[in-house]
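First the structure, in the form of structure tokens, and then the observations on it.
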Protein chains: 2
Amino acid sequence: MNINDCIFFLLTKCSQTGVKFWAQKVSSLGVTAVQAMVLGFLSEEDMITSRQLGERTTIDSATLTGILDRLENMGYTKRQSNPDDGRSIMISLTAAGKKVAFDIRTLVDNANQEFLQKLSKEEEAMLRGLLRRLK
Amino acid sequence: MNINDCIFFLLTKCSQTGVKFWAQKVSSLGVTAVQAMVLGFLSEEDMITSRQLGERTTIDSATLTGILDRLENMGYTKRQSNPDDGRSIMISLTAAGKKVAFDIRTLVDNANQEFLQKLSKEEEAMLRGLLRRLK
DNA sequence: CTAAATTTACTCGTATACAAATTATTTTCC
DNA sequence: GGAAAATAATTTGTATACGAGTAAATTTAG
């Protein structure tokens with residue numbers, strides 16, 4: 001079995017390389033790659049339910065619980081009960097969380113470009129389009 | 001931060017979708033997606049050192065130790081000492097392992113095709129080429 | 001209206017992924 | 001030859017990822 005011929009393996013390795021690259025970019029902020037993504041996302045759409053956050057980020061609810069635990073421990077997010085529905089919780093950024101999220105947003109575009117610098121603009125657009133269709 | 005604009009996120013989600021698809025294909029064999037990959041790889045290049053296996057599959061040595069523990073427990077692989085170098089170990093498939101690996105190899109091409117069926121042959125080749133450059 | 005079904009977040013257990021430290025062995029270099 | 005550097009595999013600790021099950025709250029059916 002040639003590893004490169006297996007699309008699952010190829011996607012995994014490519015993703016791991018990218019995530020490691022991104023993790024290194026945000027490591028100075030003291031957050032992991034995934035935590036940075038969640039914070040960056042919340043900086044656009046704050047005060048939403050955990051379920052909505054999970055939908056938008058396509059992070060499983062069991063996984064999200066742990067991520068929110070750690071972000072909360074670091075003082076970046078908080079959980080509040082939802083007056084409209086006792087089952088769900090509202091997630092929002094703290095002041096400190098907003099600050100880190102801002103830093104993350106200034107990093108992400110640059111990191112994207114740097115990671116994709118081997119590709120031309122056409123190739124990048126092609127790649128994004130193909131990945132979106134497989135997602 | 002738009003999730004789809006972040007290449008790291010897009011790659012991760014695409015990879016997760018692919019891995020889940022592949023995991024489902026091999027679940028009847030009682031192995032995980034990664035375990036199936038390792039077995040499939042060993043069916044081509046058996047009796048190599050753990051370090052070589054890690055290089056070929058780009059699986060970290062710490063991760064590989066655990067994977068080999070589980071494969072060994074299932075009776076699919078075995079570790080033997082390397083007479084040429086006391087530090088390293090030789091990995092090989094058992095008879096049972098060869099049988100499962102054979103089944104895996106019959107599954108993988110089909111799974112690849114099925115996962116990529118939304119893409120034309122040209123698009124598939126393009127995707128593989130782009131991913132290899134980012135890997 | 002109330003019992004059943006559904007939904008939400010969480011817990012639990014298992015499997016990667018990976019950085020850092022450890023142990024045993026081998027290689028290098030003087 | 002022997003100390004120092006390098007290498008191989010493992011261990012340890014933390015962070016996802018995810019299936020399965022749970023408790024509490026809400027919605028749906030009859």
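Since the structure is predicted, the reported quantities are computational estimates derived from the model, not experimental observations. The chains referred to below are lettered A, B, ... by the order of the sequence lines, with proteins before strands, and numbering in each begins at 1.
- Two residues, A:Gln16 and A:Ser88, neighbour DNA chain C, and the one matched to the more 5' nucleotide by heavy-atom proximity is A:Ser88.
- Here D:dT16 is the nucleotide among D:dA9, D:dT16, D:dA17 with the atom lying nearest to any side-chain atom of A:Thr32.
- Here the P atom of nucleotide D:dT10 and the CD1 atom of B:Ile67 are 12 Å apart, to the nearest Å.
- Rounding to the nearest 0.5 Å gives a distance of 13.0 Å between NZ of A:Lys78 and CG of A:Leu68.
- Comparing A:Gly86 and A:Ile59 by the nucleotide of DNA chain D that holds the closest heavy atom to each, the one mapping nearer the 5' end is A:Ile59.
- Checked by atom type and distance alone, the side chain of A:Asn82 never pairs as donor or acceptor with a backbone atom of A:Ser88 at under 3.5 Å.
- B:Leu68 places its CG atom 14 Å from the P atom of C:dA15, with the value rounded to the nearest Å.
- Taking atom CD of residue A:Gln52 and atom C1' of nucleotide C:dA9, one finds them 14 Å apart after rounding to whole Å.
- Of the side-chain N and O atoms in A:Lys20, none sit less than 4.0 angstrom from OP1 or OP2 of C:dA17.
- Across the protein-nucleic acid pair, B:Phe8 atom CZ and C:dA17 atom C1' stand 18 Å apart, rounded to whole Å.
- Taking atom CZ on A:Arg51 and atom C1' on C:dT6, their separation rounds to 12 Å, with Å as the unit.
- Closest to the side chain of B:Arg70, from the set C:dT16, D:dT16, D:dA25, is C:dT16.
- Distance A:Asp85 CG to D:dA24 C1': 11 Å, rounded to the nearest Å.
- A 6.0 Å sphere centred on CE of A:Met74 holds more than 12 heavy atoms belonging to other residues, nucleotides or ligands.
- In this structure, B:Lys118 does not pair ionically with B:Glu123, as no charged nitrogen and carboxylate oxygen lie closer than 4.0 Å.
- Using modelled atom types, no side-chain atom of A:Thr57 and backbone atom of A:Val38 make a donor-acceptor pair closer than 3.5 Å.
- Taking only side-chain atoms of B:Ser50, from C-beta outward, the nucleotide of D:dA15, C:dC12, D:dA9 with the closest atom is D:dA9.
- In this structure, B:Thr63 and A:Ser61 both approach DNA chain C, and ranking their closest nucleotides by distance from the 5' end singles out A:Ser61.
- Checking D:dT16, D:dT26, D:dA9 against the side-chain heavy atoms of B:Thr49 singles out D:dA9 as nearest.
- Rounded to whole Å, atom P of C:dT7 lies 18 Å from atom CD1 of A:Ile89.
- Closest to the B:Arg87 side chain, of the nucleotides D:dA17, C:dT26, D:dA25, is C:dT26.
- Between A:Asn82 atom CG and C:dC10 atom P there is a gap of 13 Å when expressed in whole angstrom units.
- Listed nucleotides: C:dC18, D:dA15, D:dT10. Nearest to the side chain of B:Arg79: D:dT10.
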